[in-house]
Each structure stands twice: as structure tokens, then as C-alpha cells.
Amino acid sequence: MLHITSLSEGLELFKALGSDMRVEILNLLLENKNMNMNELASRLNITNGALTSHIKKLENCGLITTSSESAGHGNQKICSISFDKILIDLDRPEEYGSVYNTGIPVGHYSNYKLCPGCGLATSDALIGEVDDVRYFEHPDRYDADIIWFTKGYIEYVIPNFIPASQKITQITISAELSSAAPGVSNNLPSDISFYLNDVCIGKWTSPGDYGDAKGLFTPDWWYPNWNQHGLLKLLVINQNGTFIDGVKISDVTIDSFYLDYRSSIRFRMGVDDNAEHAGGLTIFGKTFGNYGQDIKVSINYAPMHPDEP
């Protein structure tokens, strides 16, 4: 998902979408998942030269990605949609204040409780044996860039280095997630719960475990019948509640945690034992999936009031 928080930040995107031809290109890619330049030019009845200009503008603003594929007469450029959703969020109250940004590699978890039907891998190889929970303690787990399990949870400590005498007014977490099937299944709902300091802040139901196309960043050695990519989800907890991709999922607010510059922040993702849809969880890191990122975190903060301890 592409998250835009101001009109100026989205200016290039708005310019790119101000063309009927570029909107038609996006529609074709949404229908066909990916197409090469010759296919697009033929469907649009324009020259490759004219198409190249449009593709460059869409690529520059992050709406599509391109990759090269060997063809009979050289390399052919393949075009794909980068994001499944665009969230334009202009509601940024002044009291949310300044922002501290950080990232958490997928393998840098601090705690876990998992059942067999799990595994983890670096960008180069599996770590240990699949379905053996013991390997989640392996020293190589710090290099893991993909983790999957059917039930249980994985927990991360969010680095909190905001300035002294500041309180936390909002936490935003972005991660590429999916269900976790034996093999792959695009129709495998899974109720994924999110916890902050042991408090459930909401749930999101993943539609499936995506293996319909190779992930843009998924390494070549990865097994083709295993999950390839997920969906980029944006979790926000602020003074109004908790939201996924701009949709409210609970009334739990940031104020109920009394977080400030001294606070330890633990974030947990998992599939509860009583989940109605227990389809597992896969977390994709920067060398797997479609988005090329670790777990991203933004912490908004503002000065504490004089009467606050």
C-alpha cells in the first residue's frame, strides 16, 4: 500500500494520474498482473517510444515497477503494479508533533510462541529444518528475511529513542503480511491479531497466501510452490483508535498506554488459539515479497504537559 500524508508528498502521483493513457495502463496491469512493453503498446495502439514516456512517469512516482526478461531478440521490460492500495491521509493533527522513524528486520524478534508448521529463511537459504521450532533460536535468525507459522505469535521490541520529556501520540507500523498455507492458496483467510504491550489493539483477516506470481524481491532459489508475496498493511494507533489502511479496527487508543520517552514498546503479531480463521501468518522482509522493506515504524511525539509525571 502507498501511504501519502500530504498534498505536496503526493504531487508527482497526482500528476501521473492526470493522464487518461496512464490510467488505462494501470487498468491493464491490474487486469493482467504484469505485461511486457510490446503487449501494452499493442493493446493501447501506441508506439513503444510513446509508451516508454508514460511508463517512466508511472515508475518514478512508485505506481509500477519494471524488470527485464530475456526474450528471443534481447531483453524485454516487464511492467507490474507496485501497490494494491493507495491511502491519502490528510488528517495529520498538529498535536501529533515530530516523528521518529525506525525499522525492524524480520529476524530481530524478542519473543515468540509458535507451533510446528513454521520456518524462517535468509535471502540465501533456509535456517535449519522446516517445522522445527528450535531453529527460531538459531544464531542465523537475526539475518532472517521471511518468517511463517500456522499458530502462535512473534513479538518485537520497537526502538524508542524519542527525545526526553516527550510523550508518544501515534505509532504507525508498516509490514508485508499474508497467511501461511502448506504450499500456497490465494483463498486462505487468516485472522491476524496485533498486540501492543500485551493489549490486543485489533485484528485483520488476511485473504490468502499468495503464490500466483513470483514476488518482485523473492530470491531465485525460493521454492515456486511456496508463498511468494503478501499485502503491505499500514497499522496506525493514535488518539482516535486503531486503524488498518485507514479503516478503524478497534477503539483502543494510544492514550490508554501512557507511552513516553522512557517506555518499553512491545509489538506482537500472531494467530490466536481461538481464531475463527486460523490460516497462519507470513512476514516478508526486504529480500522477499513485493515491497523490499523491513517492518517500518514511525513514532509521533509531542512535549509532555507540565503536570504529567
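All residue numbers in this chain count up from 1 along the given sequence. Computation of the quantities below employed the complete heavy-atom set of this structure, encompassing side-chain atoms and omitting hydrogens, waters and symmetry-equivalent molecules. The structure presented is a predicted model; accordingly, all values stated were derived computationally and were not measured.
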Handout entry: Inter- and intrachain pairs under salt bridge (Lys or Arg N to Asp or Glu O under 4.0 Å), touching residues 220-229, at least two apart
Key = Lys214-Asp220

Completion exercise
In terms of heavy-atom contacts, Ala41 and Leu51 come closest through N-CD2, 3.6 Å

Problem - Rounded distance (nearest 0.5 Å) linking atom CD1 of Ile299 with atom OG1 of Thr172 - result: 9.5 Å

Practice task
Could you walk me through whether Leu17 and Leu26 pass the side chain to side chain contact (heavy atoms under 4.5 Å, CB included) test, one step at a time?
Solution key: CA-CA 9 Å; Leu17 292 175; Leu26 294 174; 3.6 Å; yes

Problem - Nearest-0.5 Å distance that lies between atom CD1 in Ile64 and atom CG in Asn34 - result: 11.5 Å

Practice task
Just do the side chain to side chain contact (heavy atoms under 4.5 Å, CB included) check on Ile146 and Val106 with the steps written out, would you?
Solution key: CA-CA 7 Å; Ile146 187 170; Val106 168; 5.9 Å; no

Practice task
Indicate the ring-plane relationship of Trp148 and Trp222, choosing parallel, tilted or perpendicular according to the 30° and 60° boundaries.
Solution key: perpendicular

Problem - Flag if over 12 foreign heavy atoms under 6.0 Å of CG, Asp20 - result: no

Handout entry: All side-chain hydrogen bond (donor to acceptor under 3.5 Å, both in side chains) counterparts of Lys248, not counting sequence neighbours
Key = Asp251

Practice task
Rounded to the nearest 0.5 Å, what's the gap from OH on Tyr261 to CD1 on Ile168? Could you check?
Solution key: 12.0 Å

Practice task
Using atom types as modelled and distance alone, determine if a side-chain donor or acceptor of Ser250 lies under 3.5 Å from a backbone N or O of Val252.
Solution key: yes

Exercise for the section: Calculate, to the nearest 0.5 Å, the distance between atoms CZ and CG belonging to Phe161 and Asn101 respectively. Expected result: 14.0 Å

Handout entry: Donor-acceptor pair between Gln166 and Tyr100 side chains, under 3.5 angstrom
Key = no

Exercise for the section: Take the angle between the ring planes of Tyr210 and His229 and call it parallel below 30°, perpendicular above 60°, tilted in between. Expected result: parallel

Exercise for the section: Examine distances only and state if a side-chain atom of Ser190 and a backbone atom of Gly279 form a donor-acceptor pair shorter than 3.5 Å. Expected result: yes

Handout entry: Derivation of the side chain to side chain contact (heavy atoms under 4.5 Å, CB included) call for Leu281 and Tyr153
Key = CA-CA 9 Å; Leu281 170 61; Tyr153 67 81; over 6 Å; no

Practice task
Examine distances only and state if a side-chain atom of Asn60 and a backbone atom of Ala16 form a donor-acceptor pair shorter than 3.5 Å.
Solution key: no

Exercise for the section: May I ask you to decide if Thr253's main-chain N or O and Ser256's side chain share a donor-acceptor pair within less than 3.5 Å? Expected result: yes

Problem - Atom of Met35, atom of Leu40 and distance for their closest heavy-atom approach - result: SD-CD2, 3.8 Å

Handout entry: Closest approach of Ala144 to Ile127 (non-hydrogen atoms, all atoms of both residues)
Key = CB-CD1, 4.0 Å

Problem - Closest approach of Trp204 to Leu231 (non-hydrogen atoms, all atoms of both residues) - result: CZ2-CD1, 4.1 Å

Practice task
Establish whether Leu63 and Leu30 are linked, either directly or via other cluster members, by ILVMFWY side-chain heavy-atom contacts under 4.5 Å.
Solution key: yes

Practice task
Run the numbers on Tyr156 and His108 for ring pair (Phe, Tyr, Trp, His ring centres under 6.0 Å), then give the verdict.
Solution key: CA-CA 7 Å; Tyr156 298 88; His108 286 210; 8.8 Å; no

Exercise for the section: May I ask you to check whether Ser206 and Ser179 show a side-chain donor-acceptor distance below 3.5 Å? Expected result: yes

Exercise for the section: Could you go through the ring pair (Phe, Tyr, Trp, His ring centres under 6.0 Å) check for Tyr112 and Phe136 one step at a time? Expected result: CA-CA 8 Å; Tyr112 65 89; Phe136 278 75; 5.7 Å; yes

Exercise for the section: Would you check if there is a donor-acceptor pair between the side chains of Thr169 and Asn300 at a distance under 3.5 Å? Expected result: no

Problem - Pairs involving residues 183-198, ordered by first then second residue, that meet salt bridge (Lys or Arg N to Asp or Glu O under 4.0 Å) (sequence neighbours left out) - result: Asp198-Arg266, Asp198-Arg268

Handout entry: side chain to side chain contact (heavy atoms under 4.5 Å, CB included) between Thr150 and Val271, intermediate numbers included
Key = CA-CA 7 Å; Thr150 52; Val271 180; over 6 Å; no

Handout entry: Backbone of Arg22 reached by a side-chain donor or acceptor of His54 within 3.5 Å
Key = no

Completion exercise
Closest non-hydrogen contact found for Ser193 with Tyr195 is CB-CE1, 3.6 Å

Practice task
Flag yes if more than 12 heavy atoms outside Glu31 fall under 6.0 Å of its CD atom; otherwise flag no.
Solution key: yes

Practice task
Taking the side chain as every heavy atom from C-beta outward, state whether Asp294 and Ile104 have any pair of such atoms under 4.5 Å apart.
Solution key: no

Problem - Non-hydrogen side-chain atoms of Phe284 and Ile147 separated by less than 4.5 Å - result: no

Exercise for the section: Determine whether Phe217 and Leu126 fall in the same hydrophobic cluster, where Ile, Leu, Val, Met, Phe, Trp and Tyr are linked whenever their side-chain heavy atoms lie under 4.5 Å apart. Expected result: no

Problem - Distance (rounded to the nearest 0.5 Å) between Leu196 CG and Ile158 CD1 - result: 6.0 Å

Handout entry: Of Glu59, Lys56, Met37, the residue whose pairing with Thr66 passes side chain to side chain contact (heavy atoms under 4.5 Å, CB included)
Key = Glu59

Problem - Minimum heavy-atom distance between Ile254 and Gln239, given as atom pair plus value - result: CG2-N, 3.7 Å

Completion exercise
Test side-chain hydrogen bond (donor to acceptor under 3.5 Å, both in side chains), reference Ser174, set Gln293, Lys233, Lys296, output is Gln293

Fill in the blank from the handout: When rounded to the nearest 0.5 Å, the distance separating CD1 of Ile295 from CD1 of Ile173 is 8.5 Å

Exercise for the section: Mark yes or no for whether Asn238, through its side chain, and Asn240, through its backbone, hold a donor-acceptor pair below 3.5 Å. Expected result: yes

Handout entry: side chain to side chain contact (heavy atoms under 4.5 Å, CB included) involving Asn38 - partner list, sequence neighbours excluded
Key = Asn36, Asn48, Gln76

Handout entry: Results of side-chain hydrogen bond (donor to acceptor under 3.5 Å, both in side chains) for Thr287 - residues two or more places apart only
Key = Asp145

Problem - Pair Asp209, Ser185: side-chain N/O donor-acceptor within cut-off below 3.5 Å - result: no

Handout entry: Heavy-atom side-chain contact between Val236 and Ile171 under 4.5 Å
Key = no

Exercise for the section: Take the angle between the ring planes of Tyr223 and Trp226 and call it parallel below 30°, perpendicular above 60°, tilted in between. Expected result: tilted

Handout entry: Glu12/Lys15 ion pair, N-O < 4.0 Å
Key = yes

What side-chain donor-acceptor pairs closer than 3.5 Å can you find for residues 113-125, not counting sequence neighbours?
unit_1, atom_1, unit_2, atom_2, d
Thr122, OG1, Asp124, N, 3.1
Thr122, OG1, Ala125, N, 3.2
Thr122, OG1, Ala125, O, 3.3

Handout entry: Check: Tyr301/Asn160 side-chain N/O donor and acceptor closer than 3.5 Å
Key = no

